[in-house]
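This one's a predicted model, so the numbers in the text were calculated from it and none came from an experiment. Each ligand, and each atom within it, is numbered from 1 in the order the structure gives.
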Amino acid sequence: MSIKPLIILPDPILRQVSKPVERVDGDLRKLTDDMLETMYDAPGIGLAAIQVGEPRRLLVIDLAKEGEPPAPHVFINPEILESSDERSVYEEGCLSIPDYYAEVERPAAVRVKYLDRDGKLQEMQAEGLMATCLQHEIDHLNGVLFIDHISKLKRDMVVRKFKKLAKDKAPGKMAG
Ligand code: GNR
Ligand code: NI
């Protein structure tokens, strides 16, 4: 297992649309394990493969709180079958947009179908934080970030800040 570097805004990789997973094999399970390790290290409650530079429709979620046993969930080729009319608002963050948080309104509940880590077809009815997190991660598979759901004014501000951070960190740039 290994911790992989995270892709950070404004890297255009985050805007790629990920491709369906064609087979659930050893290679995919290795990527899944690396993603879980990377997520736990960060730490985060979810991670999409594109956030470690792999444009595949694969995501992991673990909502267990500190002190609770780990509860890793693996979703391969997830599809939202149904979204509730009821909405809920959560303060979201993203490992690809470090230290930025904003409230996002989304459907409060979703029904998803997906393959599990054994390649077996599954369905889940999710609500609460699981519903929000699933939608946040499935957005990543489609090149969508949570800042796309906030006002353009706020989004432009955060994108500008991260562009400047990336530029200041670029190789060849001297301090000051
Ligand atoms: O760690 C994360 N926390 C979080 C909080 C509220 C809503 C969504 C998330 S997902 C995020 C990790 C991440 O960036 N996943 O793509
Ligand atoms: Ni994210």
Side-chain angles (χ1 to χ4, degrees), residues 2-21 28 31-80 83-84 86-112 114 117 124-151 154-155 157-159 161-163 165-166:
S2 54
I3 295 165
K4 295 186 167 251
L6 290 164
I7 307 292
I8 304 296
L9 191 77
D11 195 319
I13 288 173
L14 292 171
R15 294 308 189 173
Q16 285 184 23
V17 177
S18 295
K19 295 243 159 49
V21 169
L28 192 88
L31 173 59
T32 303
D33 289 343
D34 288 350
M35 285 171 58
L36 284 166
E37 195 182 1
T38 303
M39 177 182 74
Y40 291 133
D41 176 70
I45 59 173
L47 190 72
I50 196 64
Q51 293 179 275
V52 294
E54 295 280 350
R56 300 193 238 180
R57 302 189 78 83
L58 162 67
L59 61 92
V60 295
I61 292 177
D62 189 332
L63 302 181
K65 299 193 185 74
E66 246 184 75
E68 290 178 1
H73 290 272
V74 176
F75 299 85
I76 300 162
N77 298 340
E79 284 178 46
I80 294 176
S83 303
S84 63
E86 190 197 337
R87 308 275 137 169
S88 67
V89 175
Y90 271 91
E91 177 158 89
E92 297 195 17
C94 182
L95 295 176
S96 296
I97 313 173
D99 304 315
Y100 181 75
Y101 303 90
E103 288 193 335
V104 177
E105 185 182 302
R106 300 180 186 270
V110 289
R111 196 160 58 88
V112 293
Y114 59 98
R117 64 175 287 130
M124 179 190 282
Q125 173 72 35
E127 52 188 53
L129 186 55
M130 179 59 90
T132 287
C133 197
L134 269 168
Q135 292 172 80
H136 175 119
E137 303 309 339
I138 292 171
D139 270 357
H140 274 300
L141 307 186
N142 296 321
V144 174
L145 300 171
F146 84 92
I147 54 170
D148 299 337
H149 298 290
I150 64 179
S151 75
K154 285 189 191 168
R155 179 169 59 253
M157 266 168 46
V158 59
V159 169
K161 183 185 147 194
F162 277 83
K163 278 186 176 162
L165 280 170

Backbone or side chain, does any N or O of S96 fall under 3.5 Å from an N or O of ligand 1?
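No, no N or O pair falls under 3.5 Å.
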Considering both backbone and side-chain atoms of L95, is one of its nitrogen or oxygen atoms within less than 3.5 Å of a nitrogen or oxygen in ligand 1?
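Yes; at least one N/O pair falls below 3.5 Å.
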For [atom], closest protein heavy-atom neighbour:
atom                    : answer
atom 15 (N) of ligand 1 : E137 OE2, 2.6 Å
atom 11 (C) of ligand 1 : G93 O, 3.5 Å
atom 1 (O) of ligand 1  : I45 N, 3.0 Å

Among G46, A42, P43, closest by any non-hydrogen atom to atom 13 (C) of ligand 1:
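It is G46 whose heavy atom sits nearest to atom 13 (C) of ligand 1.
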So does Q51 get a backbone contact from the side chain of S96, meaning a donor-acceptor N/O pair under 3.5 Å?
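Checking the backbone N and O of Q51 against the side chain of S96, no donor-acceptor pair under 3.5 Å is found.
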Sidechain-backbone polar pair: N77 side chain, V21 backbone, donor-acceptor under 3.5 Å:
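Flag set: sc N77 to bb V21 pair under 3.5 Å.
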R117: which residues meet the salt bridge (Lys or Arg N to Asp or Glu O under 4.0 Å) condition with it, sequence neighbours left out?
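With sequence neighbours excluded, R117 shows a salt bridge (Lys or Arg N to Asp or Glu O under 4.0 Å) to D33, given in chain and number order.
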D11: partners by salt bridge (Lys or Arg N to Asp or Glu O under 4.0 Å), with sequence neighbours left out
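Once residues adjacent in sequence are excluded, D11 has no partner under the salt bridge (Lys or Arg N to Asp or Glu O under 4.0 Å) criterion.
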[X]: numbered ligand 1 atoms lying under 4.0 Å from its heavy atoms:
X    : result
C94  : 14 (O)
E91  : 6 (C)
G44  : 1 (O)
H140 : 16 (O)

Which N, O or S atoms belonging to the protein are less than 2.8 Å from the Ni ion (ligand 2)?
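The answer is C94 SG, H136 NE2, H140 NE2.
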Any pair counted as salt bridge (charged side-chain N to carboxylate O under 4.0 Å, His left out), so long as it reaches residues 132-149, sequence neighbours left out
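Sorted result for residues 132-149: R15-D148, R106-D139.
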